[in-house]
Every structure is written in structure tokens, then in C-alpha cells.
Amino acid sequence: MMPALKVEHLAKTFPLKRPFFGPAPPGVRAVRPMSFQVETGETLGVVGESGCGKSTLARMLVGLLEPTEGMIEIEGKAIGSAGPAEFGKLIQYVFQDPQSSLNPRKTIRQVMEAPLKRLHGMTRPGRDKRIAEIFASVNLREEFLDRYPHEFSGGQAQRIGIARALAASPRIIILDEPVSALDVSVQAQVLNLLADLKSRFGLTYLFITHDLAVVEAVSERIVVLYFGSVVEIGRADRIFAAPRHPYTSLLAESAPVVGRSLTAPEQKGTELPDPLNPPPGCAFAGRCPRATDLCRTREPELKQMGEDQLAACHYPLEN
Amino acid sequence: MSAFFTLLFRNRLAALGAVVIMAILVLVLTIPLLPLRDPDVTATADRFMRPFAEGHLLGTDHLGRDLLSRLLHGTRLSLAVGIAAALIAAAIGSAIGIVAGYFGGRTDNIVMRGVDMLMAFPYILLALAIVAALGPGLMNALIAVAAVNVPFFARNIRGITVGLAGREFIDAARLAGMGHTRIILTELLPNVLPVIVIAMSTTVGWMILETAGLSFLGLGSQPPQADLGSMLGEARSAMISHPHTSIVPGLMIFLIVMSINLLGDGVRDALDPRLRSGALSRPRATTLVKRQGGVPLATDDLLAIQDLQTEFHVGRRNLRAVDGVSLAVKPGECLGVIGESGSGKSVTALSVMGLVASPPGVITGGAVRFQGEDLIGAPYETLRQKRGDRVAYIFQDPLSTLHPLYRVGQQLAEAIQSHDDMSNAEARARAIQLLNDVRIPNAERRAEDYPHEMSGGMRQRVGIAMALANEPDVIIADEPTTALDVTVQAQILSLLDDLRRERGLAIIFITHDFGVVAQLCDRVAVMYAGRIVEEGPTRAVLDAPAHPYTKRLIACVPELGGGRRELAAIPGLPPVLDDLPPGCAFAPRCNRAEESCRQGEIPLRGQTLRAVRCLFPERAL
């Protein structure tokens, strides 16, 4: 079967300002060359802490940022440097902050109509019918259409954000922390709605979050990012229970769990490496209890470790 | 729109300006209907007649022309030219600003450097150069004045646009297939329009002055056509002998510019969203207290919140944020307060030290006792001495609570010195000691850092060090780890846990995360819609929740290790605080609710330390 989304050697380097004298510095490598694929109908979770490059990755996948190198393939078709409008019909984005992703001076109807008009060239009656269908599928009342964004609560605004993404009839939706701005009791409503929509419309999701419990509950496979690189990929039900990379293990131990006593899993410096002055070798070596000189000099590659689990570590954890 | 006018006219001076400018506008618009003489007909025999002369209300000028008639015609012309120049400058300048701000990068650089060059030129010289190139005439003066003011609009609008262009709704519009032109016209323009109006309202007066200036120099309107500037210019030679010829147009210029500026300031204040929300109205040093009813008696707890009621009075709406909350901590104890947004948990915490912003916050009942002494309504000086010294706070976002322009070591030293009289060197040593206590590596060197140079976790450690500075007895931590990554969160939590064990600190820990509460807190109180719905020892509440809300909220939180699954959700939304249903506020979302839940007061029932506010609890206590 053809994967819904295939990414090969995708990387983004942000150039730094050239100093008045001397050559330009090498630039910040926000995303280092990474490759992975998402099967049709799958939810791939992407976890990582702030500064790991997950938002940069997401913005490249929907065409809002141009990759420095590498290739994005959607359903077998390579997408070059086409603008967001080309991407828009295949892949859509749900933003973290539902309020700031809606123009405060537009009614919800205007927001919903834009993708139908611009991407699909639908006529007025066609648009009205489609909006009614979509609103019914995300459990929103049609009377909301003539209101303005500030009149909605976070959960409702996020449903509108999802409805807008659906309006483009994409194959893939990138969910960038879609529930982290919401209250817990509303979080579950939105997550369940997303699961329901996925099976109903045959969607494929890329679910970006920093919340391990949420990502485990919704994904089939999970990618763990650290400092712009993939450090581990594995099945959601296995990766936190049997991590191979020490960073994944640290993440799993840090998540607060009812019934586990409080122990600081790490007493070494918690600072991320300086992106302007990245260390040679493994970026995690400075925080890793298993690091040796090899780790500090040579960057580990992503290697197969057991059945459908990959990790980038010279000294992977044994199970 | 009517709200805008109410706001505008609340400003007396703006209202005065509006009245004056409206009167002038009505006068000049009705010129064809008024019995005026022809402004350009000369009658040398009647030159320099004084005001109130027969047939010439304001007298005549050096050619015997009727001054009143010339004044009104001139005012009309000056206003028209000034307003036209403002419109042209606003249109061109805003277009440049939006384009530069939206595209950014090289476009921005080239356009804005061009604008800078235009700005670096003395404006009157520039206007003179333009008029000199195009030749004198009112039309050319208009072009010159507009051109001179373009940079002002371009810079203002570019600044606003840069902020907007980074917002997510612009990305969303691009993904919806909109082109650049459409995004600029339909997404950006409606959002910058208020700023354009504000900028225009404050510059129209200035542009009228500039046009008058050019006419005064003889570069604007040409004789015999009158405008205010040329009238002044012509009257200049007779200023000493016949002052009224200069005073009449001068007074008119003064009235116009003054009233437009007053009105413009009013418009700016009424349109500025920050002013509208009252953010610039200075809050009081402590929360306003209007206590009704009796004051509860003292207990032997370290800190006791007793039947606290805090409301927000916004316009005619009364939001009951905290409605009869009682909590207490003993030394070395950690109390968790759990709730969703709007449950009143943060307002409860801020009420303790009178830190709820007033207006709109008002404490309407109850007491907060620290070692038996009531803090509600205590004089500001008493509260100030206790703030940070006996009861300290840790907030969610340390970046917004630390001062960005001072080194963290300095800020810590200042916090110490505000309560303890010690030398700078001693305070600095103590600050470094504190940074060591919260396990910041290289404390000596990090004390020299500015807040933005530290990571989120390090900043929150500084926040904790700040709270510990004066060895308080109670720390109130309001979601201190919500903004942090999980690995950092784990470290901060274990740091807080160590501190309370080592120093016997009492902690009130406010959060929405059950995992955090389970790991850190001895007891927990669950809040919903401004009330405590359940409280008890952490284990008891988490293992056997009695209130349906607690039970269902716990079920909503996914836990690591649970695998892929359908998550439980609570249908519906939390209630609005100014429209709480009678009875139990959770009843509309509750599956166990019956008729009796929707009426009357439902008390918090149970033993000491374990209680629930429910008629049909999940289990008997």
C-alpha cells in the first residue's frame, strides 16, 4: 500500500544574519535531515519538548515554510516547492491556539467559505450545502456561522478550526497541539471527535504534542524528536513501555503518573544544547547517563532495533 | 458603534472638540445659503474697516474685501485640502506599510529604507522642494503635504502589520488557498483599519497647519483665492496697524487645529483596545473589600481561607468568581487545588494577599487568616509587609513576572532588601545562596543573567528562589509547571517537595493536573464554578472520588501506559459565572442529577478533611 505521506531527508536550516565582516555563520539547523512515512489511515504522533523542531517540521509539511533540502511525497506524488494553495487540497493544519487562528473580524461563515471558494471553486449553493454537512459532522450548530470568533469558548473555537481544515477535503491533517490550550473536560471531547472524523472520512493524522499520555491514547506509531532530529520511532503501545533511546525513557519517567512517587529522574543540567553552537556527536550526550566519548564525537544514525522500532543511539537500552 | 460614542464623549475635552469642529463644518457647508458677499470683490475705498462695521461683520482686508466671507470660504478650502491630504497620505502610507510588513525580508528592507530617507529630510524643506518642482498652486501644496506625511503612516502601519502577519489566522488563510492580494485586502486590512483611523485623526490638524504654512509662504493658494494661510500672509504687512486682519484667520486656525486634536485624542483613546478593556486604568494597591455579614472566628491553622467570596463587577454584570471557599494549611503541608479555567482557583489564591486587580475585583465576604490574624481589609502597609515575607507566590509564567531589564541576581537581592535591612554585598551573597538552593548550576555566573537568557525551567527556578527569598511560611504556587516541558516539570516538582520537607513550608498548589497533585500534595480540594465540590486526602479523593464531577474529570485525563483508547469526556461546557443555575452548578452536565439538584443551596457535607457537595454522591463518605 502506498503511504499517505512520505518524507525523505527533509531538513530546514534558518540562515543567520551575515556579520559586517567575515563569512556568514552556518545557520541554525531547526530540523536535521529526517525521513519517515505515514500510512493511509494512520495517526502518527510526534512528541518532543519545546525547541525540538516539531513546529518547523509541521510548517514545512503544509508548505508554509520551504524546506532547505529533502522531499515531501503525498500519496506517491512528490510535491515540490508548490505554495500552500497547492498543498491545501491534500494536507491541512489545525492550530494550537484556536482563537488566534481565526480572524477576529470575520464571521465563521466567511472563514469556512474561503477554502471552498479558493481551493475547490464551489458555487454559493454548493458551499452552503457543504458547510452544513461539515458543521453537522463536528457537532456545531449552523446558527454559529454568523457569529464572530470572540463569541466562542476554546473548545468550540477548536471545533471551528477542525471544520475549516475539513472544508478543504484534505487527505492528511496536521494537528499541532490541538488540545493543549483546552480544559481537560473539553480536551477529551475534541480528541474523540478527531478519532470519529478520521474513521468517517478516511483521514490520516500527524499529531504533534508534548503530552505523552494524550499522544499514546490517539496514535498508532510515535516519533520522538530531540534537538531537530528523530531519536526514536516505534509503536505507540510499546515505545514508552520499552524505550530504546535514553531520551524516550527520560520522557516516560518524567510524566506525572498517579500512584508513582515523586523522584527527579535527572539531576544533571537540563539545558538543551545551544542551537547557535551545536555539539558534535549526539545532541543528548550532555544529559545522558550512558554517554561515552563515541557519543560526543559521532552522531548516531537511526537504526532498526527489534520489530518496527528504530532508535538513534550508540548504546540503546535493552528491554 | 454606540459604545464607541459613549466612550468618546465620556472624555469631556473630546466632546468639546467634536462640538466646535461640527459647528465649523456646518458653517462652511452652508456657505451657499448664507447671505455673504462675494469674497473676491475688491472695494479699495472700504479697506481696513474694523469688525462690526456696517455690512461687514468682521471688517474688511487691505483690498476692502469682506473678511467674514473670505474667512468662511478660506476655512472651507483649508479643511478640504487638509482632509484630502490626510486621506491621500493615509492611503499611500498604509499601502506601503502593509506591503512591507506582510512580505517582510528584502521587500521590507528596501521599502522602509526609502521611507527612512524621506523621513530624514526636514519636512518643510521637502514640501518646498516638491512645490518648487511642480510650481505653486493649491493642488501642488496638497501633493507636497500628503507626500511629507506618507512615512508617518507607512511606519505606523508596518509595525502593526508585522505583528499581525505572524498570527496563525494568516497562515490559515494561506492554507485556504488565498493569494497575497486577497490576504492583504480581506485578512489584514480590516484588522489595521482602526489604527489607520487613529493615525489619521491625530494628523489631520497637523496637515491643515502645514497647508496653511505653504499658503502663507505664497506657495499654496494663489490670489485672489482665499485660504487661511494666504489670508495670514496677506495680512502680515498690516499686522501692527490693523491687527484684526491677522487675528481673524489666526483664531480660526487655532480653533480648527485645537478641536481636531482634542477629538482625535478622544477617538484614539476610544478605539485603542487596551484602553477600552480598562488595562491602563491603574488598579489599587490591594483588592477592594466590601464585606457583608460577619467575620468567621480564628482557627489554629497557619493559613486559613474562610468562606471567602470574591466578585468581579464588570459594568452591570456581577461575576461570582469565588463563592464561599474555605481552605486551610498547616506547616509542612501541601494542599492541592484542582479546577478548570473559570473555576475560581487562581482568584482564590490571589485574594489571600489582596492581589486581585481592583477594579473590577471586590472581596465581598469571608476572611483570610494568617496565624489567626485577618488579612482581608488589613491596611496596605500590613499586607505589603506580609507579601513575599510570610506568604509568597509562584506564578505560571516566570518570564512575565521577572523584570526583563534587570539581572536575576539584582532582582533577588531587591526582594531580600525590601524586607530585610542588609548591605548590597550581603544581599548578593544571599541571592547566590538562594540560586544554589534551587539547584541552579553555576549560581554565581547565572546571577548575572537577564531573564531572557535563561531557559523556561531555569526561570521558574528563579521564580521559586524569589518566593523563598524571605523564608516565607506559606507558598502559593499557581500552575507553576504548566508552561514547562515534562522533564523540567519533574525536576521543579521534586524541588518543591524537598523544600517543604526541609523547611516545613506550607504549599498551596493550584493546578489542573491530577498526576501532579497525586505526586506532590497531601490533601486536595476540587473546585467548580467558584465553589469547592469535594475535598479530602489526595489518595482518598483520587481512588474513590465521591462527587460525579471529580470522578468524571479524573476519567478525562489520559494516563501514560493506558494504550490506545476512546477517552471519556464530560458533555457540555462549564457555566457562565454571572448566570449560575440554582442548586448544583454541575447539574446540567451531570448524569446523576435529579430535580432536587436544581434547587436550593447544596452544602458541603462530610467529616473534617473529607467532604463533598452533592446530594447523590458516587459513594457515601
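Side chains included, hydrogens not; waters and symmetry mates left out as well; all remaining heavy atoms used. Numbered from 1 within each chain, the chains take letters A, B, ... in sequence-line order.
- Within the 4.5 Å cutoff, the side chain of A:Phe87 has no heavy atoms near those of the A:Leu61 side chain.
- Listed for the A:Thr107 side chain is a donor-acceptor partner under 3.5 Å among the backbone atoms of A:Gln110.
- For the options B:Thr186, B:Asp513, B:Ile170, heavy-atom pairs under 4.5 Å to chain A are most numerous at B:Thr186.
- For the set A:Leu116, A:Asp97, A:Val111, the count of heavy-atom pairs under 4.5 angstrom toward chain B peaks at A:Asp97.
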Between B:Gln491 and B:Arg461, is a side-chain hydrogen bond (donor to acceptor under 3.5 Å, both in side chains) present by the stated rule, with each step listed? CA-CA 10 Å; B:Gln491 295 182 350; B:Arg461 279 167 209 255; 2.7 Å; yes
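- The residue among A:Arg118, A:Gln187, A:Glu220 with the most heavy atom pairs within less than 4.5 Å of chain B is A:Arg118.
- Top candidate by heavy-atom pairs under 4.5 Å with chain A, chosen from B:Ala518, B:Pro558, B:Gly179, is B:Pro558.
- Contact of A:Ala252 with chain B is made through backbone and side chain together, with heavy-atom distances under 4.5 Å.
- When all heavy atoms of B:Val524 and B:Thr538 are compared, the pair lying nearest together is CG1-CA, 3.9 Å.
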Just do the ring-ring contact (aromatic ring centres under 6.0 Å, His included) check on A:Phe284 and A:Phe227 with the steps written out, would you? CA-CA 8 Å; A:Phe284 188 60; A:Phe227 201 59; over 10 Å; no
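- For the residue pair B:Gln396 and B:Thr482, no side-chain donor N or O sits within less than 3.5 Å of a side-chain acceptor on the partner.
- Taking A:Arg59, A:Lys89, A:Gln99 one by one and counting their heavy-atom pairs under 4.5 Å with chain B, the maximum is reached by A:Arg59.
- Of the atoms belonging to B:Arg589, it is side-chain heavy atoms, and not backbone ones, that fall under 4.5 Å from chain A.
- No other option in B:Arg182, B:Arg167, B:Gln489 has as many heavy-atom pairs under 4.5 Å with chain A as B:Arg182.
- Heavy-atom pairs under 4.5 Å with chain B peak, among A:Thr43, A:Asp237, A:Val94, A:Leu64, at A:Leu64.
- Chosen from B:Met178, B:Arg539, B:Glu187, B:His512, the residue pairing most often with chain A at heavy-atom distances under 4.5 Å is B:Glu187.
- Proximity to chain A (any heavy atom under 4.5 Å) is shown, for B:Glu340, by both the backbone and the side chain.
- If you measure heavy-atom distances from A:Gln189 to chain B, the contacts under 4.5 Å come from both the backbone and the side chain.
- Using a 4.5 Å cut-off between heavy atoms, A:Ala217 touches chain B through backbone and side chain atoms alike.
- Taking all atoms of both residues into account, the shortest heavy-atom contact from A:Pro98 to A:Leu182 is CG-CD2, 4.5 Å.
- Chain B forms more heavy-atom pairs under 4.5 Å with one residue of A:Val218, A:Asp196, A:Val190, A:Leu191 than with any other, namely A:Val218.
- Checking side-chain atoms of A:Asp176 against main-chain N and O of A:Phe95 turns up no donor-acceptor pair under 3.5 Å.
- Taking chain B as the reference chain and counting heavy-atom pairs below 4.5 Å, the highest number among A:Ala188, A:Ser100, A:Ala114, A:Gly48 is found for A:Ser100.
- Looking at A:Ser185, the atoms closer than 4.5 Å to chain B (heavy atoms on both sides) sit in the backbone and in the side chain alike.
- The contact between B:Leu175 and chain A is made by backbone and side chain atoms together, counting heavy-atom distances below 4.5 Å.
- The part of B:Ala568 that comes within reach of chain A is its backbone (N, CA, C, O), which places non-hydrogen atoms under 4.5 angstrom from that chain.
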Show your reasoning for whether side-chain hydrogen bond (donor to acceptor under 3.5 Å, both in side chains) applies to A:Arg164 and A:Tyr93. CA-CA 9 Å; A:Arg164 172 180 50 198; A:Tyr93 199 96; over 6 Å; no
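- Only the backbone of A:Ser219 comes within contact range of chain B, judged by heavy atoms closer than 4.5 Å.
- Under the 3.5 Å distance criterion, the side-chain polar atoms of B:Arg552 are left unmatched by any main-chain donor or acceptor of B:Ile570.
- Residues A:Ser169 and A:Arg130 share a closest heavy-atom pair of OG-NH2, 3.4 Å.
- Taking the side chain as every heavy atom from C-beta outward, A:Leu175 and A:Ile208 never approach each other to under 4.5 Å.
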